Amino acid sequence: MILTLHAYWSARGCVILQPYDMEMGAGTFHPATTLRALGPEPWNAAFVQPSRRPTDGRYGENPNRLQHYYQYQVVLKPSPSDVQDLYLGSLAAIGVDATAHDIRFVEDDWESPTLGAWGLGWEVWCDGMEVSQFTYFQQMGGFDCKPVAAELTYGLERLAMYIQGKDNVYDLAFNDTGVTYGDVFLENERQMSTWNFEIADTDMLFDLFRKAAAECERCLEAKLPIPAYEQAIKASHVFNLLNARGVISVAERQAYIGRVRDLAKGSCAAWMDKHGWAA
Amino acid sequence: MADFLLELQSEEIPARMQARARGDLARLFAEEIGRAGLAAEAIETFATPRRLALIARGLPLETAAVSEELKGPRVGAPDQAIDGFLRKTGLGREALVERDGVWFAHVETPGRATAQVLAEAVPAIVRAFPWPKAMRWGTDSLSTESLRWVRPLHGVIALLDGAVVPFEVAGVAAGDSTVGHRFHSSGVIRIASAATYADQLRAAHVIVDADERATIIAKGAAALAAGAGLSLVEDAGLLAENAGLTEWPVPLLGRFDPEFLSVPPEVIQLTARVNQKYFVCRDVAGTLANAFVCVANIEAADGGAQIVEGNRKVLAARLSDARFFYETDLKVRLEDQLPKLEKIVFHEKLGTVADKVDRVAKLARWLVEEGIVGAAAPANSLPPSVHPERSRGTQNAGPGASPHDARDGRGLADLAERAARLAKADLVTGMVGEFPELQGIMGGYYAAAQGEPAEVAEAIRDHYKPVGQSDDVPTAPVTVAVSLADKLDTLCSFFEIEEYPTGSKDPFALRRAAIAIINLLEHNGLKLHIGEAVRQGWLGHSPDRALTDAEIARRGTAISVTDYLWNFMIDRLKVQQKEAGVRHDLIDAVFALGGEDDLVRLLARVHALQAFVETEDGANLLAGYRRAANILKKEGVADSLWSAPAYATEPAETALIAALNTAEPLAERAVAAEDFAGAMAALASLRAPIDAFFDAVTVNDADPAKRQARLALLARMRDAVHHVADFSRIEK
């Protein structure tokens, strides 16, 4: 499936990238999306990104909620006028028959308070299941996107379940010789859910958060937007872990989100500066 | 006369925005062509996910020519003035006509072609369209000045009697082409005219009329449910949403694993509706069935079997998640959730939710101990909507339960406090975190499951009620105590920190809290002295403390906080009673007497007053009262200094004195006994004597002693009436 998507989007002018080697909540955090969404230069890329959502952990007991899963992400800047058709073409390529299934674009406006970003778009439903997020970025890091990029995010596990006709993500065939998704990831989900919710050392996490934030600022002073942004990604993930541990109160929550947003915005601003782009 | 078709074809428009967009399109179109002097005989609008359209019927082919005579400068005026006038009219000097020493110009403005008007109007409408959220897209978005539309705009049809009206908006040229259904139709459809628009699209599997789509869904879904021996749970909002998500709606019925029915029905219905936009069904017994109706946008070759199967899986995953939350929540006793409330700020000046819970618990106990919320009413048992399996153990009280077999005041007070202490615990459960709408409902389930007495579980479930005028008003004593305490605390607390509603702003829903308090008191006939309750509900401050100058300035009045709150309640009472047909001026007439802070008693008095003033006796007494009041006002008589006259009184005078002698103590006793009808009857006995007095006796007698005595008598009559109600406040 990944290979088919790579071939499909490569043929349509996308550079094919590899996953970013850091923990992040979604492919949107990949610098190839966040930073490249800024500025006037055309940019078309496709890549897989492992995504970590600590609070979505279900100890391996939910058929399709995972704290670690894979997103396939496509970024097209500026957004092509036939981007919906391109997207539907990619679904057909991986075996979704749009005449036998009910494919729908359902309003879902996207906003990332930690990235200072928002866009309008849809969740794409296939027979009631959300299989993709489709977003026209309007702002990133607090800056207007000029021009607007279209971001397509496929939930790979869900699409695979649908294509293989499986009810449970852990029953997905990982190869043709009987290895399942559960064989590869079930124990991982159990252990990581336990760690995320119960074990993770919160003092260490608070410390990590502070250090990442401080390092981000040092990088910004040194006018190095990419390492600064990496530290912002790190702080964001640590915040998600603290959130899963339930140690951040409602009042503090906004302050932490604001802190991460400032780091991400600072990185984006430094990136714009580096290129000499005006806001 | 011509018909105009406009279609704005775009990527999928959010369902919730379509109805308003149709209204906005019709309004803006009428305004825009109206500016050019055009009006349509009828305007119809349509919306589907992929198009917003309008048909204007009966448009003139051109605007009317205007012929007018303009008055110019006087003959002999400076050349400058005359040249200016010529520029304005576009005429030469030879075209001016002189009349009475003034130049006149005759100006003919020819009619404009309607097509020309439309070619300017439509781009203006598109640019100014008030979408709740709009976006930029594509290569044009290099500039932030590019067109903003709800989603990328792809095509515009503009046909006036079948001919394209040429214009361009944001790089899209108007034409006659559109697209049909995304999957049932391919290529471009060329629309012939407004008359064929709907049928041509229907042939391309698009039903442009949202009402028709809603009807198809409603009928189809009901028929599917009936076919399965079930009945559909109707939901108008869901119907409109599904109509806005489809161009060719096909309802389909699916089943889910009956094991999920162990999750509370409210959760299943909410999950199905909010996350999946499905309808749910009930069986003949009225119990939620393991069936759902989804609405597809396509007629699949296999009759939708694969679509139903896919939707079933998604719902199963959602329900599995809901069950995960439910079962996880059930593992924690509600009291063990309470420490988490200490971390939730209720309001920065009012502490945490835990602080609020503590105040509410004390107030709820006080309401019962004071006998305000009575022990007389029978304890209700949980209604059947709570699953019997989870109420198991209710009768065998668990460790946290009180000895509730003896329903004395003390037992009831314990139950009320217990319920209040647990009432907010569900706010920190997983399920309410996922579905905030289920607050209270989940707490009720969890309380029943952990063996709380039925009254406690019910109070937790219903303590947010009544929400709004049409909501059920709780009657079970424990529920009433918790609900009332919660709302009194909210009201007192926010008044204490001077967060009053102003104008349309009421961020803490204090008006709603006041209305709920009124409903609770009125519906249950509770005798509550607001002043005492406020003193009890206050945050340890003195409600009667003197106000600072700054507070007085902010409020515009110097009355105490308690009185301020009471006035606020009375204002809400007037609004709330208006629907019940109770006159606000009569509320004022009773309220103006002062000293009353029992809302139910005040209302009883108002009801009696209203019944009285609507009788003939009442109306005539009011007329007599007014006559007396006017005379007294004119004469500047404020107080009654009546004493028995020293002169020989006239018969009518004597009769009025006698009537007052009888009526005054009667009315006084009746008021004291809260027999307001009796008080009114006592007043009614004054009607004939007062009428006779005005007929036969001259107040303004030449003898100053008589005049003084008669004015004093009228003042005595006025005061007697005022003892029951301030008739001067009555407006009609």
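In what follows, chains are A, B, ... by sequence order, proteins preceding strands, each numbered from 1. Since the structure is predicted, the reported quantities are computational estimates derived from the model, not experimental observations. What's counted below: heavy atoms across the whole structure, side chains too, no hydrogens, waters or symmetry copies.
Taking A/Trp122, A/Tyr59, A/Phe105 one by one and counting their heavy-atom pairs under 4.5 Å with chain B, the maximum is reached by A/Trp122. Highest contact tally toward chain B, considering only A/Ala149, A/Gly121, A/Gly119, is held by A/Gly121 [criterion: heavy-atom pairs under 4.5 Å]. Of the residues considered (A/His101, A/Met129, A/Met161), A/His101 shows the highest number of contacts with chain B, using heavy-atom pairs under 4.5 Å. With chain B as the partner, the residue from A/Cys145, A/Pro40, A/Ala150, A/Gly165 showing the most heavy-atom pairs under 4.5 Å is A/Cys145. For the set B/Val314, B/Val150, B/Asp321, the entry with the most heavy-atom pairs within less than 4.5 Å of chain A is B/Asp321. Among B/Arg182, B/Lys277, B/Gln276, the residue with the largest count of heavy-atom pairs under 4.5 Å with chain A is B/Arg182. Ranked by heavy-atom pairs shorter than 4.5 Å toward chain A, the options B/Gly310, B/Ala296, B/Ser141 are led by B/Ser141.
A salt bridge does not link B/Glu327 to A/Arg58: none of the charged side-chain nitrogens sits closer than 4.0 Å to a carboxylate oxygen.
Looking at A/Asp97, there are no atoms closer than 4.5 Å to chain B (heavy atoms on both sides), in backbone or side chain. Within the 4.5 angstrom heavy-atom criterion, only backbone atoms of B/Asn275 (N, CA, C, O) approach chain A. With a 4.5 angstrom heavy-atom cutoff, A/Pro80 does not touch chain B via any of its atoms. Only the backbone of B/Ala134 has a heavy atom closer than 4.5 Å to any heavy atom of chain A. In this structure, chain A has heavy atoms under 4.5 Å from both the backbone and the side chain of B/Ala317. Looking at B/Val295, the atoms closer than 4.5 Å to chain A (heavy atoms on both sides) all sit in the backbone: N, CA, C or O. With a threshold of 4.5 angstrom between heavy atoms, B/His184 does not approach chain A through any atom at all. Heavy-atom distances place no part of B/Val250 under 4.5 Å from chain A, backbone and side chain included. Only the side chain of B/Lys313 comes within less than 4.5 Å of a heavy atom of chain A; its backbone N, CA, C and O stay farther away.
Using modelled atom types, no side-chain atom of B/Trp137 and backbone atom of A/Tyr136 make a donor-acceptor pair closer than 3.5 Å. When atom types are taken as modelled, the side chain of B/Ser320 and the backbone of A/Asn62 share no donor-acceptor pair closer than 3.5 angstrom. No donor-acceptor pair closer than 3.5 Å links the side chain of A/Asp102 to the backbone N or O of B/Ile307. The backbone N or O of B/Arg136 lies less than 3.5 Å from a partner atom in the side chain of A/Gln138, making a donor-acceptor pair. A/Glu61 contributes no side-chain N or O that, together with a main-chain N or O of B/Phe324, makes up a donor-acceptor pair within less than 3.5 Å.
When the shell of 6.0 Å around CD of A/Glu187 is examined, it contains more than 12 heavy atoms from other residues, nucleotides or ligands. Heavy atoms of other residues, nucleotides or ligands lying less than 6.0 angstrom from CD of A/Glu198 number more than 12.
Between B/Arg151 atom CZ and A/Leu120 atom CG the span is 5.0 Å, to the nearest 0.5 Å. Atom-to-atom distance recorded for B/Asn297:CG and A/Trp125:CH2 is 12.5 Å, nearest 0.5 angstrom. Separation of atoms OG1 (A/Thr135) and CE (B/Met135) is listed at 10.0 Å; rounding is to 0.5 Å. In this structure, the separation between OG on A/Ser79 and CG on B/Asp140 is 9.5 Å, given to the nearest 0.5 Å. Rounding to the nearest 0.5 angstrom, the gap separating the CD atom in B/Gln306 from the CG atom in A/Asp127 is 7.5 Å.
Here the closest heavy-atom approach between residue A/Ala98 and residue B/Ile298 is recorded as O-CD1, 3.2 Å.
Contacts between residues 82-96 of chain A and chain B, counted as heavy-atom pairs separated by less than 4.5 Å, involve A/Gln84, A/Asp85, A/Leu88.
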Open item on the list: side-chain contact (heavy atoms from CB on, under 4.5 Å) for B/Lys343 and A/Ile248? Distances and angles first, verdict last.
Closed with: CA-CA 9 Å; B/Lys343 292 183 182 164; A/Ile248 294 189; over 6 Å; no
